[in-house]
Amino acid sequence: MVEAGKPNLADYFPLLRKMDPQGVRRRMTVHSDNLLKLFGNMMDERQQSRKSPDYTASNDVLDTLLDIIEGDIEELNKDHIKHLFLVLFVAGTDTTSNTLEWAMAEVLQNPHVLLKVKKELDQVIGKGKPIEESDINSLPYLQAIIKETFRMHPPVPLLLPRRAGSDTDLCGFHVPEGSQVLVNAWAIGRDSSIWENPNSFMPERFLGSEIDVKGRDFGLIPFGAGRRICPGLPLANRMLYLMLGSLINSFDWKLEGGISPKEMNMEEKFGLTVQMAEPLQVIPVVI
Ligand code: HEM
């Protein structure tokens, strides 16, 4: 992921693409091949165990896809599945874990938010009890925290690049056909003409508001919008509610090194995804 996020001269000067002057493409090919090998081995192992008479189907994604290719569908083969897993791995892991890390960091930096969400969880779920997917709708403040985290820290800050299909005039700018267009979701989230106090973490702004991350409200588009909106959105959202809610409801948290919330380093490190420059280090205390 670190390699994929490095600026590549060849993206700005396409003539250099064949030369690969920084070796980015060469190294990325090695990383992708290693991952494809890993997924290939996992598939072989699973296919082997599926042959055993004691095998109980787990009905996970791999089992479901293997059922399909072992049937008589020719459009999908093992190679497709390996590449599908590669895409899901690259698109779905750092994005979700970075959001969780930012959400925890913001909540811990803002003790009044922590107090409020703990109260909500206590009232709806009960202190220390596990959260179920069906509880999410009854936790508006937890939902607001996730939205506010996406507004301030969209993990894919420039979304995925677009190419203009034809000459276009947009907000006074001429965009020639074939240009690469980047949408800066990070800057939209910090735009003071859209958001009041854009640099303050205020989940309350989403309480009683219809604004959502599903691509209809262009002020908040961490998953993109339109035909190529992130297909992992429903999964990522559910995982985030469950993980953040469980971490907050099951533990008290202490900042490592005895630092106070105000001393936390909230600087960002730019890459394929925006990470915390200094990873969050916190100690769970069992409730
Ligand atoms: C917090 C979590 C996530 C965020 C913020 C996120 C964000 C994004 C964004 C911004 C795009 C590009 C959309 C566009 O440019 O319009 C994208 C594409 C994509 N995402 Fe996610 N994503 C997340 C989690 C996931 C997960 C969990 C998966 C799958 C398990 C996933 C799979 C994909 C795929 C396959 C694409 C490419 C879709 C296409 O090109 O048509 N994402 N995601």
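One-based numbering, in listed order, for ligands and for the atoms of each. This is a predicted model, so every value here is computed, not measured.
The nearest heavy-atom contact from the protein to atom 23 (C) of ligand 1 is T95 OG1, 3.6 Å. Nearest protein neighbour of atom 5 (C) of ligand 1, counting heavy atoms only, is P155 CG, 3.4 Å. If you check which protein heavy atom lies closest to atom 40 (O) of ligand 1, you get R228 NH2, 2.9 Å. The single protein non-hydrogen atom nearest to atom 29 (C) of ligand 1 is L88 CD2, 3.8 Å, given as residue, atom name and distance. Closest to atom 6 (C) of ligand 1 among all protein heavy atoms lies F223 CD2, 3.6 Å. Of the protein's non-hydrogen atoms, the one nearest atom 1 (C) of ligand 1 is T99 OG1, 3.5 Å. Of all protein heavy atoms, the one closest to atom 27 (C) of ligand 1 is G92 CA, 3.6 Å. The protein non-hydrogen atom at the shortest distance from atom 22 (N) of ligand 1 is C230 SG, 3.1 Å.
Side-chain atoms of R25 do not come within 3.5 Å of backbone N or O of G23 as any donor-acceptor pair. The main-chain N or O of S260 is found under 3.5 Å from a side-chain atom of E263 such that the two form a donor-acceptor pair.
The line from CG of N8 to CE of M28 is 10.5 Å long, rounded to the nearest 0.5 Å. Taking CD of Q47 as the start and CG of L62 as the end, the distance is 8.0 Å to the nearest 0.5 Å. A distance of 7.0 Å separates OG of S200 from CE of M152, quoted to the nearest 0.5 Å. Taken to the nearest 0.5 Å, the NE2 atom of H83 stands 10.5 Å off from the CG atom of L35.
Comment: K119 does not engage D122 in a salt bridge, judged by the lack of any side-chain N to carboxylate O separation of less than 4.0 angstrom. Between E133 and R238 there is a salt bridge, since at least one side-chain N of the basic residue sits less than 4.0 Å from a carboxylate O of the acidic one.
For the pair L160 and ligand 1, the shortest N or O to N or O distance falls below 3.5 Å. Looking at T96 next to ligand 1, no N or O pair under 3.5 Å apart turns up.
In this structure, a donor-acceptor pair under 3.5 Å is absent between the side chains of E101 and Q275.
Looking at V87 against ligand 1, only its side chain comes within 4.0 Å, counting heavy atoms. With a 4.0 Å cut-off on non-hydrogen atoms, R227 does not touch ligand 1 at all.
The aromatic rings of H153 and W102 lie parallel to each other, their planes meeting at an angle below 30°, with 60° marking the opposite boundary.
For ligand 1, the atoms closer than 4.0 angstrom to any heavy atom of V156 are 7 (C), 10 (C). Those atoms of ligand 1 that come under 4.0 Å of a heavy atom in A236, given as number and element, are 2 (C), 24 (C). Counting the atoms of ligand 1 from 1 in the order shown, those under 4.0 Å from a heavy atom of P222 are 5 (C), 7 (C), 10 (C). Numbered from 1 in the order shown, with element, the atoms of ligand 1 that lie under 4.0 Å from a heavy atom of A225 read 16 (O). Applying the 4.0 Å criterion to heavy atoms of L159 picks out, from ligand 1, the atoms 10 (C), 15 (O).
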Just do the salt bridge (charged side-chain N to carboxylate O under 4.0 Å, His left out) check on R50 and D67 with the steps written out, would you? CA-CA 10 Å; R50 280 161 65 97; D67 282 346; 2.8 Å; yes
Check the pair D217 / K147 against salt bridge (charged side-chain N to carboxylate O under 4.0 Å, His left out), numbers first and verdict last. CA-CA 12 Å; D217 303 292; K147 285 184 193 170; over 6 Å; no
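The nearest non-hydrogen atom to atom 37 (C) of ligand 1, considering only P231, P234, G226, A91, comes from P231. With M239, R162, H153 as candidates, the residue nearest to atom 14 (C) of ligand 1 on a non-hydrogen basis is R162.
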